[in-house]
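In what follows, chains carry the letters A, B, and so on, assigned in the order in which the sequence lines appear, proteins first and then strands, with residues in each chain numbered from 1.
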Protein chains: 2
Amino acid sequence: MPTELQPAADDGVSAPRRGRPGYDRETLLSVCVDVFNRYGYDATSMGMLSKHLGISKSAIYHHVESKEEILGQALDRALDALEETFAAVLSGGGGPVIQLEQILDGTVRVLVAQMPYVTLLLRLRGNSEVEEAALQRRRALTRTVEDLVRQAQERGELRTDISGKSAPRLMLGMVNSIVDWYQPGRSGSVDQLAATVVTMVFAGLRA
Amino acid sequence: MPTELQPAADDGVSAPRRGRPGYDRETLLSVCVDVFNRYGYDATSMGMLSKHLGISKSAIYHHVESKEEILGQALDRALDALEETFAAVLSGGGGPVIQLEQILDGTVRVLVAQMPYVTLLLRLRGNSEVEEAALQRRRALTRTVEDLVRQAQERGELRTDISGKSAPRLMLGMVNSIVDWYQPGRSGSVDQLAATVVTMVFAGLRA
């Protein structure tokens, strides 16, 4: 078993900097989320986290009580950022189409800025209370988008010849796919990405 | 250990019909894919497949040589269907925008018709030769969409003020999200779904 301060095996998952005296909560969270995303949360043991962090399990327990507490903190990171974006848009007025555009734009930016945390959120299966609570918060965000699409259709601002049930899921599915393929620096800027999403969804790609 | 013909535990994953004398390859494949999608391919052992099929491991080995052979057959099911759709569209002419529309329409239909098999494909991580070969076939399909978008932009038929790198990924991401949320019978018909995708991507949602 690795002892405290021993460097982690170099296997591609973030390893602690050599000689670093310990972890702050922020770095610990970041390394754990990388391990969760690589192996799956359920398949990750405290022993695996200990190996990747290069510190003993008891050193981890100095920071957190359980693996689930780390998960909860990571999911809060993603959900807090998404909820703040949605709340700021909804308090801003402007009508449902503008709010939908702002929500998609803001969600793209949160996904890119908090990619490992949102990736973890999007892969949850709801196998525990912490996961189920996170999925409920996620569903509330989906319902907000569904409500805005409905309002915009009722006001005649969005097409009614498309499925109002599917459209919100499809636009969020498009945005969520970003965590699967977007590579900062190689896939273009986040400004271009957000603009492409908003243009495609509302104006369409046809010239 | 379950013996041959013993009913599987009733835990929500497809169980064999009582009194059924054995499995055809088709049913065996279907049950195994459900188990892979539920627990993850890597986390699924032949023992788990045996339990869910309600037949012994040696009875499974009567049908297939390994867990990986089952995976390969399942991925072929998804990829063959997708490749047939793409090939039929590309041989049909009509210009890049019409071909993109037909590819998105056809891909939606394959996803709905072969949902468990495509779900398995979309969750692969490339941890083995079989998986890597499947991901290469998947990447070839993505490149076809990228090429068509580029051709359509060059012909002035699609906007050039959007990211040509991101647009193909976003439209495929939108379509792929269907396996995460579409419920046949509850989310509307596949015709509506395919029409909503094509309308949103090319014409946009704005009324």
S.K.: Applying side chain to side chain contact (heavy atoms under 4.5 Å, CB included) between A:Leu49 and each of A:Val31, A:Leu28, A:Val35, report the one that passes.
M.R.: A:Val35

S.K.: What part of A:Val197 gets within 4.5 angstrom of chain B, counting heavy atoms only: side chain, backbone, both, or neither?
M.R.: both

S.K.: Looking at B:Asp42, B:Ile162, B:Leu170, which one has more heavy-atom pairs under 4.5 Å with chain A than the rest?
M.R.: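 If we count pairs closer than 4.5 Å to chain A, B:Leu170 comes out on top.
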
S.K.: So that I can tick it off, tell me whether B:Glu83 and B:Arg137 are bridged by a salt bridge, with the cut-off set at under 4.0 angstrom between side-chain N and carboxylate O.
M.R.: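 Salt bridge: yes.
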
S.K.: Which is it for A:Leu29 and A:Arg25 under the side chain to side chain contact (heavy atoms under 4.5 Å, CB included) test, yes or no, and what are the steps along the way?
M.R.: CA-CA 6 Å; A:Leu29 190 60; A:Arg25 284 178 87 92; over 6 Å; no

S.K.: Among A:Ser166, A:Ala195, A:Ser177, A:Ala207, which residue forms the greatest number of heavy-atom pairs with chain B at distances under 4.5 Å?
M.R.: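 Answer, by heavy-atom pair count under 4.5 Å with chain B: A:Ala207.
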
S.K.: With the side chain counted from C-beta on, respond yes when B:Leu148 and B:Leu90 share a heavy-atom pair under 4.5 Å apart, and no when they do not.
M.R.: yes

S.K.: Chain B heavy atoms under 4.5 Å from A:Ile178: which part of the residue, side chain, backbone, both or neither?
M.R.: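 Contact with chain B is through the side chain of A:Ile178 alone.
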
S.K.: Taking side chain as everything from C-beta outward and backbone as N, CA, C, O, which of these in A:Ala43 sits under 4.5 Å from a heavy atom of chain B? Side chain, backbone, both or neither.
M.R.: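 Looking at A:Ala43, nothing touches chain B.
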
S.K.: Under 6.0 Å between ring centres, would you say that holds for A:Tyr39 and A:His52?
M.R.: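 Yes, ring centres under 6.0 Å apart.
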
S.K.: Let me know if B:Val201 has heavy atoms under 4.5 Å from chain A in its side chain, its backbone, both or neither.
M.R.: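 Interface part for B:Val201: both.
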
S.K.: Go through B:Arg138 and B:Leu124 one step at a time and tell me if the side chain to side chain contact (heavy atoms under 4.5 Å, CB included) criterion holds.
M.R.: CA-CA 11 Å; B:Arg138 191 181 157 198; B:Leu124 282 192; over 6 Å; no

S.K.: Relative to chain B, which segment of A:Gln183 carries a heavy atom at a distance below 4.5 Å: side chain, backbone, both, or neither?
M.R.: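 No part of it gets close to chain B.
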
S.K.: So which part of A:Arg186 gets closer than 4.5 Å to some heavy atom of chain B, the side chain, the backbone, both or neither?
M.R.: backbone

S.K.: Quick one: does any side-chain atom of A:Arg159 pair with a main-chain N or O of B:Gly204 as donor and acceptor, under 3.5 Å?
M.R.: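 A pair under 3.5 Å: yes.
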
S.K.: If you count heavy-atom pairs under 4.5 Å between each of B:Arg169, B:Met171, B:Gln153 and chain A, which one has the most?
M.R.: B:Arg169

